[in-house]
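The structure presented is a predicted model; accordingly, all values stated were derived computationally and were not measured.
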Amino acid sequence: MTERQHPPPSGPASSLAVLALADARLPGGGHAHSGGLEEAVHRGTVTGPHELREFLRGRLHGAGRQAAVFAAAAAHAAARKAPRRCWSELDTEYDARVPSPAQRAASRSQGRGTARAGRTAWPSPALRELMSVTDSPHHPLVVGVLVGASSLAGPKDAAAVVAYLSLSGPASAAVRLLGLDPFAANAAVAAFEADTERLARAAARTAGLPAAELPSTGAPALDLLAQAHRKHHEEEVRLFAS
Amino acid sequence: MPAEHSHEHTAGAHRHPVDFDPTAAGPDPFSAERRADRPLRIGIGGPVGSGKTALTAALCRTLGAETELAVVTNDIYTTEDADFLRRAAVLDTSRIEAVQTGACPHTAIRDDITANLDAVERLQRAHPGLELVLVESGGDNLTAVFSRGLADAQIFVVDVAGGDKVPRKGGPGVTTADLLVINKVDLAERVGADMSVMCADAHRMRGDLPVITQSLTDDPSAGDTANWVRHRLAEWSRSDEPVV
């Protein structure tokens with residue numbers, strides 16, 4: 001009999017579902033969204049790694065935090081087999097916290113795509129309940145449900161996934177739009193490790209609140225960029241859907 | 001043998017889950033998306049400028065009157081192709097959907113087909129009787145092929161002006177597409193392309209898979225390709241197999 005050589009696993013869980021949902025290769029439609037970055041590039045506000053990092057900071061603490069709050073709440077609800085009414089409330093309350101119709105549409109479009117991938121890979125009663133409310137739920141809710149269905153992960157993991165995606169999407173778009181050094185873009189994302197951890201923890205702490213009492217973290221600049229992006233796409237060429 | 005019984009079956013009556021007769025062809029008890037439940041999806045891919053949009057427009061003109069069809073376009077960074085089809089008025093604009101691909105056209109048709117499936121589903125909802133959806137990819141390279149989750153069959157379009165060595169270079173588009181179309185053959189002489197070399201290479205690379213040479217200048221109806229599509233449609237509607 002050999003003695004255990006390694007300490008028992010501890011610290012942050014890393015379920016395969018969590019890793020796969022945060023992977024840019026997840027076939028959930030995320031690759032076509034820049035999270036407002038294309039509009040920012042078009043306006044000349046992001047031209048290099050430094051501005052990218054500042055953009056990402058705003059993105060993480062605005063849209064990322066909002067998404068994290070709801071992903072955590074959805075994971076919490078999924079683990080407790082929440083009734084249909086709860087999903088409907090979460091969906092509505094997220095709408096209420098995202099004033100830009102373009103941002104809401106981008107969120108629902110990615111939610112629908114992630115749910116399509118999730119239906120095949122991680123089917124669950126909670127996902128069916130959520131999809132019975134709408135066939136295009138908000139992205140953080142879908143991620144929360146898919147993470148919440150795993151016994152190895154919880155609200156904080158769901159929050160971390162969407163917080164990370166709020167960074168990785170624009171960073172990848174910056175590489176494609178600006179021909180940015182991919183190592184610089186990757187480093188810009190990596191710099192937010194501590195911020196992401198704090199934000200995910202905070203989101204997990206509020207995960208059990210009633211939907212109407214969940215924190216609201218506005219990001220007016222991103223809302224404006226999303227609206228301008230959509231308006232400009234109608235007039236001229238845009239590469240990304242948002 | 002079929003489970004023997006004297007009673008008649010009526011709606012709502014009991015079902016027999018087990019039938020030991022291997023030749024009995026009862027309804028499949030497992031629900032699966034059946035081919036007849038949705039339109040056939042044909043992908044049209046190929047390098048930039050090879051004539052994918054012109055072929056798509058020709059197919060719309062030729063097949064539009066006899067088939068309920070719709071088109072999804074995947075431009076790299078414009079809505080040029082969708083606009084061209086709308087301007088050409090080959091289809092009602094409600095039958096054309098344009099997809100944004102985030103600067104990665106091959107991703108949208110192969111690795112992450114979400115946006116395209118969404119577009120197909122929007123078209124299906126708007127036109128319940130749809131029989132055929134043509135999904136035109138953005139111009140890409142020789143490795144860009146459609147996922148089988150998006151396209152049931154795919155056409156790869158190359159052209160003589162791109163060089164007569166293209167078929168020889170191979171790549172999944174040339175070697176695995178269900179149909180290879182060598183386009184713009186009317187230009188062969190002017191660009192110094194040797195058609196016999198091109199065709200021989202294409203057949204050598206593709207084995208038994210079909211190759212069509214065409215010129216939309218000489219035949220604006222894309223007759224041979226349209227016939228190939230008609231055959232695929234006929235097979236699709238005959239087959240009652242679930243979609244795999």
For the interface with chain A, which of B:Asp111, B:Asp112, B:Ile113, B:Asn116 has the highest count of heavy-atom pairs at distances below 4.5 Å?
B:Asp112
At a 4.5 Å cut-off on heavy atoms, which part of A:Ala173 comes close to chain B: side chain, backbone, both, or neither?
neither
May I ask you to say whether B:Glu121 pairs ionically with B:Arg125, meaning some side-chain N is under 4.0 Å from a carboxylate O?
no
Which atoms of A:Leu177 come close to chain B, meaning under 4.5 Å heavy atom to heavy atom: side chain ones, backbone ones, both, or neither?
neither
Check A:Arg108, A:Arg116, A:Arg112 against A:Asp135 for a side-chain hydrogen bond (donor to acceptor under 3.5 Å, both in side chains) and give me the one that passes.
A:Arg112
With a 3.5 Å cut-off and no angle check, do the side chains of A:Asp91 and A:His138 form a donor-acceptor pair?
no
Atom OG of A:Ser136 and atom CG of B:Asp118: how far apart are they, to the nearest 0.5 Å?
7.0 Å
